[in-house]
Amino acid sequence: MILEQLDDLTRSIQFSLENEKPDLRLGASDCMSACVCPSLIDYLLNETENISACTGSTPKVTDLLKHRAVDIGLSSDSIEDVPHFQALHFLTERFLFVLPRSLTKQRKISCNQDLVAAVESLPYLRFGKETFDFVQSERIYRSLHFIDQRRIEVDTNFTMMELVARGKGWTILPPLSLWMVNRKLEDVDFLPLSIEATRQYFVVYQEQAFTVLANKILKKTRKIFEKEIFPEMKKVRPELLQFIELE
């Protein structure tokens, strides 16, 4: 009897969300917040009654989702290890070596050996262990047998890109992390990795009642990339586009 009542309640909520504008608590990783959220929230004003949005690292967004502090999240964690979460995949991007342009102007880099030699005197910039990208970038760093060197740990893409642009270090980032600070793109260069290493993005939610809205967000997010981000990227650094795949 209780289960039947819960099913009836779920259907009632679903009907309400499909026919009335719901309230929405949206969580977004730093990258998605910078790239997508202004246009996405503009769109959601017509799809929701009240909306709140919060930004943070992917682990923070995941934690908010698990504790039901947000209803829908845009992040690189599908939370596939936790039952009942739904993850709608919309984008995959490849990690890249990011170097100061002042360095690539001085010497030709055509293989891993050239890269290792080119950056041997420069610090390696990385994010802290509390970020979702730390494990991936550290695995890449170790797999390519870089000689252990000075490391600088920062907590934002802005700081990292500024330091690379100034010639103070090099790093491993995916394209959208570069695009967050696109005003610095003229001062950096990027090279593909010799190994396959990617970051995926998802629209993540738990409550079935938000299925309709999650799919609307998925569709709108894809359109934002197709109509806004990719055309602008093509004007500024078109090479980045080959490392991003929209699902």
Side-chain angles (χ1 to χ4, degrees), residues 6 8-80 82-93 130-133 155-158 174-177 179-182 199-233 244 246-247:
L6 288 174
D8 289 342
L9 178 61
T10 299
R11 282 192 291 270
S12 176
I13 294 172
Q14 181 68 48
F15 178 81
S16 175
L17 285 173
E18 289 176 353
N19 293 275
E20 297 180 12
K21 292 182 178 181
D23 291 345
L24 174 66
R25 299 169 300 170
L26 179 70
S29 67
D30 297 316
C31 197
M32 282 297 110
S33 181
C35 295
V36 170
C37 277
S39 294
L40 180 60
I41 291 173
D42 187 10
Y43 162 77
L44 288 172
L45 292 175
N46 294 321
E47 299 293 328
T48 60
E49 182 63 30
N50 299 297
I51 184 170
S52 63
C54 64
T55 301
S57 65
T58 288
K60 177 184 175 181
V61 174
T62 296
D63 187 63
L64 291 171
L65 281 162
K66 287 180 177 179
H67 288 87
R68 301 177 187 271
V70 297
D71 306 305
I72 298 176
L74 296 175
S75 80
S76 52
D77 185 0
S78 65
I79 323 183
E80 60 184 3
V82 180
H84 310 304
F85 274 97
Q86 304 295 319
L88 309 175
H89 179 214
F90 64 86
L91 184 141
T92 300
E93 55 178 347
E130 71 281 358
T131 62
F132 201 64
D133 291 335
D155 65 351
T156 69
N157 285 292
F158 297 95
L176 293 181
S177 292
W179 189 247
M180 282 179 64
V181 200
N182 57 61
R199 179 170 71 177
Q200 296 181 314
Y201 272 102
F202 307 87
V203 177
V204 186
Y205 66 101
Q206 184 174 15
E207 299 294 340
Q208 288 186 357
F210 284 96
T211 299
V212 171
L213 191 54
N215 278 279
K216 287 182 178 179
I217 289 173
L218 176 72
K219 184 177 180 180
K220 181 59 180 180
T221 299
R222 285 173 174 155
K223 189 171 292 186
I224 291 169
F225 275 99
E226 290 173 346
K227 303 297 184 181
E228 299 179 29
I229 297 174
F230 289 167
E232 192 62 29
M233 194 177 288
I244 308 174
L246 195 61
E247 298 297 324

- prompt: Would a 4.5 Å heavy-atom cut-off, applied to side chains only, mark Leu26 and Leu40 as touching?
  reply: yes
Nearest-0.5 Å distance, CZ of residue Phe202 to OG of residue Ser76: 8.0 Å
- prompt: Short question: side chain of Asp23, backbone of Asn50 - any donor-acceptor pair under 3.5 Å?
  reply: yes
message: For a quick test of reading the model, state the closest non-hydrogen atom pair linking Cys54 to Leu64 and the distance between them.
response: SG-CD1, 3.5 Å
field: Asn215 and Val203: CA distance, side-chain angles, deciding distance, side chain to side chain contact (heavy atoms under 4.5 Å, CB included) verdict
entry: CA-CA 8 Å; Asn215 278 279; Val203 177; over 6 Å; no
field: Heavy-atom side-chain proximity of Leu91 to Leu176 below 4.5 angstrom
entry: yes
Heavy-atom pair with the smallest gap, counting every atom of Ser177 and Asn157: CB-OD1, 3.2 Å
message: Less than 4.5 Å apart, side chain to side chain, heavy atoms only: is that true for Leu24 and Glu47?
response: no
message: side chain to side chain contact (heavy atoms under 4.5 Å, CB included), that's the test. Do Ile217 and Phe210 meet it? Break it down for me.
response: CA-CA 10 Å; Ile217 289 173; Phe210 284 96; over 6 Å; no
message: For Phe85 versus Gln206, what's the shortest heavy-atom pair and its separation?
response: CZ-OE1, 3.5 Å
message: Let me confirm one number: the SG-CD1 distance from Cys35 to Ile229, rounded to the nearest 0.5 Å.
response: 5.0 Å
Tyr205 and its side-chain contact (heavy atoms from CB on, under 4.5 Å) partner, picked from Ile79, Val70, Ile72: Ile72
query: According to the side chain to side chain donor-acceptor pair (under 3.5 Å) rule, which pairs have a member within residues 218-232, sequence neighbours left out?
result: Ser39-Glu228
message: Distance check, rounded to the nearest 0.5 Å: Leu45 atom CG versus Lys21 atom NZ?
response: 9.0 Å
task: Search all heavy atoms of Met32 against all heavy atoms of Phe225 and return the closest pair with its distance.
output: CE-CZ, 3.9 Å
task: Would you give the length of the straight line joining atom OG1 of Thr62 to atom NZ of Lys60, rounded to the nearest 0.5 angstrom?
output: 12.0 Å
Step-by-step side chain to side chain contact (heavy atoms under 4.5 Å, CB included) determination, Tyr43 to Ile224: CA-CA 10 Å; Tyr43 162 77; Ile224 291 169; over 6 Å; no
- request: Verify side chain to side chain contact (heavy atoms under 4.5 Å, CB included) between Asp71 and Leu213, making sure each step is shown before the conclusion.
  value: CA-CA 10 Å; Asp71 306 305; Leu213 191 54; over 6 Å; no
query: Hey, what do you get for CD (Gln86) to CD (Gln208), rounding to the nearest 0.5 Å?
result: 7.5 Å
Shortest non-hydrogen contact between Ser33 and Thr55, atoms and distance: OG-OG1, 2.8 Å
message: To the nearest 0.5 Å, what is the distance between CZ on Arg199 and CD on Glu93?
response: 4.5 Å
